[in-house]
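What follows is one structure encoded as structure tokens, with my remarks underneath.
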Amino acid sequence: MDLSANLNSSQIEAVTAPLGSVLVLAGPGSGKTRVLTHRVAQLITAMGVVPRSIVAVTFTNKAAKEMSKRVQELLTHDTNAGDGLPNLGTFHALCARIIRQEADHLPLTRDYVIYDDADQQSLVREAIKDLRLDPKQTRPGRILNAISKAKNELIELEDYPTDTYANEVVRLVYERYQQALLANNALDFDDLLFWVYRLLRDHDDLQSAYRRRFQHLLVDEFQDTNTAQYSLLRLLAGENPDLFVVGDPDQSIYRWRGADYRNVHRFQEDYPQARTILLEQNYRSTQTILDVATAVIDRNPGRQRKLLFTDRGSGIPVVLHESYNENDEADFAVELISTLTFAGEADPGDCAVMYRTNAQSRALEEAFLRAGLPYRIVGAQRFYGRREIKDLIAYLRLIHNPVDRVSLLRALNTPPRGIGAKTIELLLESSQKRDVAPAEILFALARDKDPALMDIFNPRARRALVSFADSWLRWIEMKENSGLVALIDLILEETNYRAYIDDGTEEGESRWENIQELRRVAYEFEDIDLASFLESIALISDQDTLSEEQNAPTLLTLHAAKGLEFPVVIIIGLNDGVLPHQRSFDDPEAMAEERRLLYVGVTRTKDRLYLLRTFRRRIAGPSTLSEPSRFLHNIPPKLLDGDLLGSQNWEQTSYKQKTTWDLSSKIPLEPQYEPGMRVRHKVFGEGIVLSTKIDHDDEEVSVEFEEIGTKHLDASMAQLEVLDG
DNA sequence: TAGTCTGGGCTTTTT
DNA sequence: GCCCAGACTA
């Protein structure tokens, strides 16, 4: 198969570059994934590289899967490619695997578990309590952020600064927290990278072994690597690497997570012989959209300019629209989508609504609900963050790794089985006294081996604990020779979990459905061990959870939109304070990133882009007037259609958005009622209209009812019947 | 021991 | 305006 078919000259240059260090600066929609997959195929088919010696790192599991699929498609025609498969996955997944393999060299066992944010929070909270710090002064979230930042920058505990009181507090918690993790045989996300880094740094033999094993490295989304990832990469690459990195500094949007687009410059310094290739031709968007994107991003200082071009033609103008407030904005977005789909201009699944903060999705969801239209949402309440899912996973983790205290504390009394705070306190106390994991105490109780334990708990508590430990021990035994699904079913049955979670309400039902969904996922893992199952679900990202099945609009944050594309994109909340977010106002670097965020959103668009803003907005507290995003002022008016940038005179004139094909037309709302009219209401009976006034999108009518006195009603809701005027 | 209440805090993005 | 943690009560 001719690998260079359908590639442009820059892409071919990248794909066929000789082994060595290569930096591909890829504009949005420039065929980056295509270059990566072709490069992998090229290595295997044309350069005689053994697939197993290739490592390609992506940002999400979804991207890894996509790559794997496309590489395999490229290779099916090749008969020599039978020698294993290239290693494709996220940094975190790759590290998780290495740690499992090399656990002997680390203060962990290979059965370690990965703690998510909520698990980390509870450890930090515990640490704060133990250290007798004031939890109000030392917010767990903030401390966790600081610890995470330190780990991402490879700062060891001993090197953590103590120059300020705040730092000292972080350091104290960091120490406790780290001890707690190891005592639980657990790691957090950042540890995955940090431990592998230390492993390779401190063990020459392992370092050279892995260098030999992973000779060909490829990195996607290179601009979003952090210090830990970059350093790890350098350790793996060695002196004379075959290191192929692809990225776009203009799409770097994870600074707050330690990502540093300057790694791109660092790469050029560290590998001066590296070949740099620019991909500028865009295969996704119309020229108008590219021009809007360029107008926005060109204001960022100190960047290498890229000339984005397409041969798709200019397309249709970008539409700007101002709504009164966020509810109207959401209604407008929904209406827009239904209009486009009804007119056959787009499928519902072609449309995406993007926003800066998750909180903005609420108004949208409500609008979709009101309209009775389905939607898909990325992130927000993550599937794996849901209570019922975390409950079940806690049980599975306990079976896999009995010393996991966080999971134990969760599972012990969920569903409630009479093990209260007092009992738990006694249990933890005795485990501390004997310097064993709480699990050991429970097991000893259940096996009735230690008479000294009998006196600790009152009979009722003891019975509850023993019964819990009995089941637990049986599950552990069972895990050896029965499948995952059978194990899950047994847990659900023995804990009577359904009765606990499904209380007959809609919410309870959906919780039970979520459990069934997890069971389905487990079914796919039936042949694999519990360890891999737990690892995979720990490393699933929000973006991975987006299903393609449903033909419905996608709601997602601008962050989650990276790497995706849609024919129709609606970006909401183009107000100063939202995008750019007000927390970025006083930091030029942060403001540059806000700009990149908008750039990422805009460049997801294939055909139609709508930029929505509001006149008023409620961010925290009451609704206030809100300025248009300053970024909008950078877009040349000739690219735009719709309202000019100045606000409409919302406070004086009221508008009713009309459900018509022409969304730019707004018909002023006329009052339907007038004072003196006799009207009938379904519930309140008959009455006389006292007064009526237009509130921005509805008519507010005051009626004096015969039976119950004066009521103020929204005309659209009240459905008043006019008897005579 | 479990459920309810309330007051205070907070509101960016998440592998 | 919402959510959570801890206090309070049944």
Side-chain angles (χ1 to χ4, degrees), chain A residues 57-64 89-96 114-118 120-122 125 128-129 135-137 139-142 144-145 148-149 151-152 187-194 221 224-226 228-229 252-259 326 354-363 378-382 384-385 413-425 458 460-461 464 535-545 556-562 573 577-585 587 590 593-594 596-597 600-601 617-623:
Chain A
V57 202
T58 57
F59 205 68
T60 62
N61 296 301
K62 190 179 170 201
T90 62
F91 268 109
H92 291 89
L94 179 71
C95 289
I114 300 167
Y115 274 3
D116 71 7
D117 189 61
Q120 298 179 47
Q121 291 259 357
S122 68
R125 217 163 263 135
I128 290 174
K129 219 192 221 161
K136 275 169 193 150
Q137 296 267 299
R139 307 221 65 75
R142 294 205 167 227
L144 215 40
N145 271 346
S148 167
K149 196 167 171 228
K151 289 184 178 180
N152 281 326
L187 289 179
D188 63 23
F189 287 123
D190 307 313
D191 276 340
L192 290 170
L193 304 170
F194 203 174
E221 308 282 13
D224 279 325
T225 51
N226 59 32
Q229 288 163 335
S252 170
I253 53 174
Y254 286 100
R255 195 177 85 106
W256 48 275
R257 217 167 75 193
E326 49 267 61
M354 302 176 187
Y355 35 84
R356 174 69 235 268
T357 68
N358 272 315
Q360 291 172 262
S361 73
R362 183 198 220 94
V378 184
Q381 170 66 302
R382 318 176 46 190
Y384 290 94
N413 205 30
T414 316
R417 52 172 75 88
I419 302 176
K422 186 75 194 153
T423 309
I424 289 175
E425 198 183 306
N458 68 45
R460 216 169 78 187
E535 182 182 301
S536 317
I537 59 180
L539 295 175
I540 283 173
S541 71
D542 283 352
Q543 279 135 90
D544 297 327
T545 60
L556 74 180
T557 62
L558 289 162
H559 282 89
K562 196 172 71 160
V578 179
L579 181 63
H581 197 275
Q582 58 188 2
R583 283 169 76 128
S584 302
F585 280 170
D587 177 357
E593 183 147 314
E594 298 284 334
R596 293 195 290 269
L597 217 33
V600 166
R617 186 168 285 277
R618 205 177 53 70
I619 295 173
S623 169

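Computed from a predicted model, the values in this text were never measured in an experiment. Letters go in sequence order (proteins before strands), and every chain restarts at 1.
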Which heavy atom in [X] sits nearest to a heavy atom in [Y], and how many Å separate them?
| X | Y | value |
| --- | --- | --- |
| A:Glu594 | A:Pro580 | OE1-CA, 3.4 Å |
| A:Phe91 | A:Val57 | N-CG1, 3.2 Å |
| A:Ala461 | A:Asn458 | N-OD1, 2.8 Å |
| A:Leu193 | A:Cys95 | CD2-SG, 3.8 Å |

[X] [atom1] to [N] [atom2], straight-line distance once rounded to whole Å:
| X | N | atom1 | atom2 | value |
| --- | --- | --- | --- | --- |
| A:Leu579 | B:dT11 | CG | C1' | 17 Å |
| A:Glu326 | B:dT11 | CD | C1' | 14 Å |
| A:Glu594 | B:dT13 | CD | C1' | 9 Å |
| A:Arg257 | B:dT13 | CZ | P | 13 Å |
| A:Lys562 | B:dT14 | NZ | C1' | 12 Å |
| A:Met354 | B:dT13 | CE | C1' | 15 Å |
| A:Gln121 | B:dC10 | CD | P | 13 Å |
| A:Lys151 | B:dT14 | NZ | C1' | 16 Å |

message: Which residues pass the side-chain hydrogen bond (donor to acceptor under 3.5 Å, both in side chains) test with A:Thr357, not counting sequence neighbours?
response: A:Gln360

Identify each atom pair where a protein N or O and an N or O of nucleotides 2-6 of chain B are less than 3.5 Å apart, giving names and distance.
{"unit_1": "B:dA2", "atom_1": "OP2", "unit_2": "A:Asn413", "atom_2": "ND2", "d": "3.4"}

message: Any carboxylate oxygen within less than 4.0 angstrom of a Lys/Arg side-chain nitrogen, looking at A:Asp190 and A:Arg257?
response: no

- request: Could you tell me whether A:Ser584 contacts a base, only the sugar-phosphate backbone, or nothing, with contacts defined as non-hydrogen atoms closer than 4.0 Å?
  value: nothing

- request: Describe the nucleic acid contact of A:His92 in one word from base, sugar-phosphate, nothing, applying a heavy-atom distance below 4.0 Å.
  value: base

message: For A:Tyr254 and A:Phe59, take the angle between the two ring planes, folded into 0 to 90°, and tell me which bin it lands in: parallel under 30, tilted 30 to 60, perpendicular over 60.
response: tilted

query: Does the ring of A:Phe59 meet both stacking tests against the six-membered base ring of B:dT15: centre distance under 5.5 Å and plane angle under 30°?
result: no

- line: Comparing nearest nucleotides in DNA chain B, the 5'-proximal residue of the pair A:Arg583, A:Asp190 is A:Arg583

statement: Note: for A:Ala359 and A:Arg142 on DNA chain B, the residue whose nearest nucleotide lies more 5' is A:Arg142

- request: Could you check which of B:dT11, B:dT14, B:dT1 has an atom nearest any side-chain atom of A:Thr423?
  value: B:dT1

Any side-chain N or O of [X] under 4.0 Å from OP1/OP2 of [N]?
| X | N | value |
| --- | --- | --- |
| A:Asn358 | B:dT14 | yes |
| A:Thr60 | B:dT15 | no |
| A:Arg125 | C:dA5 | yes |

